[in-house]
Amino acid sequence: MRYLESSVHYQTFPTTPPVSRGAPLANSNNLSTSSPDDDGHGNASKASLNTNSKVTGGGGGSGDDDQSTIPKKQLLTLAIISLAEQTALNSISPYLPQMTGTFPEVDQRKVGLYVGIVASSFAAAQFASNFFWGRLSDRIGRKPVILFGTLATAACFIAFGFCRTLWQAMVVQAIMGLVNGNAGIVATVLGEITDKSNQSSAFKYLPVVYGIGGITGPLIGGLLARPVAGEPSGPITELFAKNPYLLPNAVSAGVLLLDFLFITLLLDESLKEARKLPPLGERVKNLFVWLWEFTSSSRPSYIRVSQNYRDEEEDEEEEDSPPYLTDNSGSSSPPALFPEAAAPVPYRSILTPPIIVFLMTYTIFNLSNISYNSLYPIFVSSPPPIGRGLSPKEIGFSLSFVGVVTIIFQLLLFGPLLARLGNLWGYRFALGGFVAAFWATPFVGYIGSADGQSAKILPWIELYSVLLLKTVAAVVGLTCAMLLITNASPKPSTLGTLNGLAQTLSAGGRAIGPLISGGLFTLSAGVANGGELLAWGVFGGVAGIGLGLSLWGVGGGSFVDEEGGEEGDLEGGAET
């Protein structure tokens with residue numbers, strides 16, 4: 001087996017890099033796991049690889065003795081980033097229907113439709129931009145992209161608080177979706193600071209953070225909207241009286257600005273090519289030097305050929321390199337603003353057939369997830385026989401209870417489950433859980449319609465069981481999908497591109513899911529008997545297609561290693 005001429009990174013692969021190029025040595029256990037990049041300067045921590053460890057189920061978890069140390073500071077920083085963003089984004093949902101109803105051009109009988117349009121504009125914009133942000137992070141680094149996305153999103157929240165028309169709200173939400181690709185970048189960073197021995201332990205916390213953000217966000221939006229009930233008594237209360245939804249948006253923007261500070265101080269760059277650059281603050285100062293050279297120099301230093309240029313392999317062999325490059329005339333030039341990236345990896349090297357099929361199933365996964373989330377409150381709140389006639393209080397209690405149980409499951413039971421199933425079969429289990437939940441939900445009994453206490457309790461047990469199955473399937477599938485995407489990248493330098501593409505397709509599913517599911521449920525209302533089966537049955541079939549594709553196209557010999565376990569990588573890891 002021969003390696004490519006370009007340097008191959010081994011960030012997420014279970015084998016130790018060979019000390020020489022070409023075929024690996026026969027006895028890989030003698031190889032040193034030290035890396036010249038572990039310079040202790042606060043750059044992204046890299047867990048050392050244990051060549052004797054056996055990864056059970058492709059990242060399902062190994063013994064504690066074999067598990068590499070997780071960089072806790074970076075993991076905590078990524079958790080803060082995700083929690084801040086989820087808190088801000090989820091703060092909109094409680095007041096959005098009321099806010100949309102105040103727009104002058106909105107028909108009060110179609111508020112639900114316009115709420116869906118405003119919400120879909122965010123996802124549709126992410127569909128158009130997430131791939132770009134992922135590709136850009138592969139070129140300039142992860143940290144600058146996350147910083148820009150956080151700051152721009154905070155500005156959009158301030159603007160959203162001043163919206164007074166439907167078009168203003170749609171435009172601001174679309175801009176917010178365009179500038180924010182942080183979800184995929186966070187997953188990319190998490191994949192780069194872990195290896196296969198500790199990936200499942202690290203990735204399982206992301207859905208937990210999302211769940212906490214789903215609790216804290218609605219609290220901000222629900223409690224702070226319309227803070228002025230009577231006549232304003234000062235300039236501040238007058239401002240909030242004229243803009244009744246500005247306060248929750250201002251608080252969300254403040255959360256993001258605090259998050260921006262945390263990112264600046266605590267987040268380390270994880271892209272290997274960008275780690276040799278000066279700190280981000282120094283690079284910003286150098287930008288002014290470059291601009292001055294552009295306007296005053298006949299031959300700016302940043303376009304001169306550097307005598308100190310080394311290829312990537314020589315860079316890896318020599319730790320020390322001068323912070324300032326010299327041109328042919330011997331004069332110094334400022335450090336580079338961006339890493340000297342190699343030629344971009346062709347798309348055909350990234351989008352191999354197994355990865356394409358997997359991305360198709362990931363789109364179906366997100367479409368199914370958001371469609372269930374949209375259908376459930378409509379279905380259970382509608383009057384019988386098409387619905388189950390639950391009150392908003394009962395709906396909120398059911399969602400909160402299942403959310404708490406799901407967080408407990410993710411913390412206590414997810415690791416053992418993934419150790420038994422592996423990433424791929426865990427992902428297939430999630431798609432199968434969606435199929436079962438979609439087809440079982442319309443058969444839940446009518447709450448409180450039967451005689452006898454036991455007969456009244458049974459429909460609640462049915463409802464909670466189906467809802468719990470769906471929620472567990474969602475968090476297991478999301479975690480396993482992120483692990484599969486991380487290990488599917490041909491090389492770590494393309495991980496941002498692949499995550500960006502996955503988030504793009506995810507946003508596409510989230511954009512069309514509510515519209516399709518709402519339309520199907522509206523059609524089902526006109527069916528006399530069993531009309532509720534229409535929407536649930538259609539999306540159950542769609543999830544079934546995703547399950548079939550995962551069994552047919554995302555598997556085979558490339559998912560089984562020598563020990564009989566799942567590799568978790570769609571192309572065979574570092575082998576090309």
(request) May I have the step-by-step check of ring pair (Phe, Tyr, Trp, His ring centres under 6.0 Å) for F434 and F365, ending in yes or no? (result) CA-CA 8 Å; F434 277 162; F365 171 85; 5.2 Å; yes
(message) Within the 4.5 Å heavy-atom criterion, are V189 and E269 side-chain neighbours or not?
(response) no
(message) Given 3.5 Å as the limit, does a donor-acceptor pair link the side chain of S93 with the main chain of N90, or not?
(response) yes
(message) Between K73 and D268, does any NZ, NE, NH1 or NH2 come within less than 4.0 Å of an OD or OE carboxylate oxygen?
(response) yes
(request) Apply the test side chain to side chain contact (heavy atoms under 4.5 Å, CB included) to residues I212 and T87: give CA-CA distance (whole Å), side-chain angles for both, the deciding distance (0.1 Å), then the verdict. (result) CA-CA 8 Å; I212 297 175; T87 297; over 6 Å; no
(message) Is it the case that the side chain of E85 and the backbone of I81 share a donor-acceptor pair, with hydrogens and angles ignored and the cut-off at 3.5 Å?
(response) no
(request) Might you point out which heavy atoms bring N130 and A507 nearest each other, and give the distance in Å? (result) ND2-CB, 4.3 Å
(message) A side-chain contact here means heavy atoms from C-beta on lying under 4.5 Å apart; do T165 and Q168 qualify?
(response) yes
(message) Can you tell me if F103 has over 12 outside heavy atoms packed within less than 6.0 Å of its CZ?
(response) yes
(request) Evaluate the side-chain proximity of Y245 to Q98: yes if any heavy-atom separation is below 4.5 Å, no if none is. (result) yes
(message) Pair Q410, T479 - check side-chain hydrogen bond (donor to acceptor under 3.5 Å, both in side chains), show working.
(response) CA-CA 10 Å; Q410 189 75 1; T479 308; 3.1 Å; yes
(request) Please examine the side chains of L258 and I80, heavy atoms only from C-beta on, and report whether any two atoms are closer than 4.5 Å. (result) no
(message) Any heavy-atom pair between the side chains of I485 and F358 that's under 4.5 Å?
(response) yes
(request) Grab the two heavy atoms, one from I185 and one from S137, that are nearest each other, plus how far apart they are. (result) CD1-OG, 3.5 Å
(request) Look at atom OH of Y210 and say whether more than 12 heavy atoms of other residues, nucleotides or ligands are closer to it than 6.0 Å. (result) yes
(request) Without swapping roles, check the side chain of T504 against the backbone of G500 for a donor-acceptor pair under 3.5 Å. (result) yes
(message) The criterion is side chain to side chain contact (heavy atoms under 4.5 Å, CB included); which residues satisfy it with A202, sequence neighbours excluded?
(response) I70, L75, L190, T194
(request) Measure from the side-chain N and O atoms of Q126 to the backbone N and O of N180, and report whether any donor-acceptor pair falls under 3.5 Å. (result) yes
(message) Any non-hydrogen side-chain atom of L136 less than 4.5 Å from a side-chain atom of I140?
(response) yes
(message) Tell me if a side-chain donor or acceptor on K470 pairs with a main-chain N or O of Y372 at a distance below 3.5 Å.
(response) no
(request) Could you tell me whether a side-chain N or O of D259 sits under 3.5 Å from a main-chain N or O of V255, the two making a donor and an acceptor? (result) no
(request) State whether the side chain of N249 and the backbone N or O of L246 hold a donor-acceptor pair below 3.5 Å, judged by distance alone. (result) no
(request) Taking all non-hydrogen atoms of both residues into account, name the closest pair between S129 and L178 and its distance. (result) OG-O, 3.1 Å
(request) Spell out, as yes or no, whether a donor-acceptor pair under 3.5 Å connects the side chain of S120 to the backbone of A511. (result) yes
(message) Would you say that L151 contacts L257 through its side chain, given a criterion of any heavy-atom pair below 4.5 Å between the two side chains?
(response) yes
(message) Enumerate the ring pair (Phe, Tyr, Trp, His ring centres under 6.0 Å) contacts for residues 169-207, please, sequence neighbours excluded, ordered by first and then second residue.
(response) none
(request) Test side chain to side chain contact (heavy atoms under 4.5 Å, CB included) on L484 and Y362 and set out the steps. (result) CA-CA 11 Å; L484 289 171; Y362 188 62; over 6 Å; no
(message) On a heavy-atom basis, which atom in P207 and which in M482 lie closest, and how many Å separate them?
(response) CD-CE, 4.5 Å
(request) State, to 0.1 Å, how close L267 and K143 come at their nearest heavy-atom pair, and which atoms those are. (result) O-NZ, 2.9 Å
(message) Surrounding CG of L76 (heavy atoms of other residues, nucleotides or ligands, distance under 6.0 Å), is the total greater than 12?
(response) yes
(message) Could you tell me if the side chain of L505 sits less than 4.5 Å from the side chain of M360, heavy atoms only?
(response) no
(message) Test your reading of the model: is there a side-chain donor-acceptor pair from Y427 to the backbone of T361, 3.5 Å cut-off?
(response) yes
(request) Kindly state each residue pair satisfying ring pair (Phe, Tyr, Trp, His ring centres under 6.0 Å) with at least one member in residues 146-193, sequence neighbours excluded. (result) W133-F148
(request) Check S82 against L206 and note the closest heavy-atom contact, atom names and distance. (result) OG-CD2, 3.5 Å
(request) Begin with the C-alpha distance, continue with both residues' side-chain angles, and end with the deciding distance and a verdict on side chain to side chain contact (heavy atoms under 4.5 Å, CB included) for I193 and L78. (result) CA-CA 11 Å; I193 66 174; L78 294 176; 4.0 Å; yes
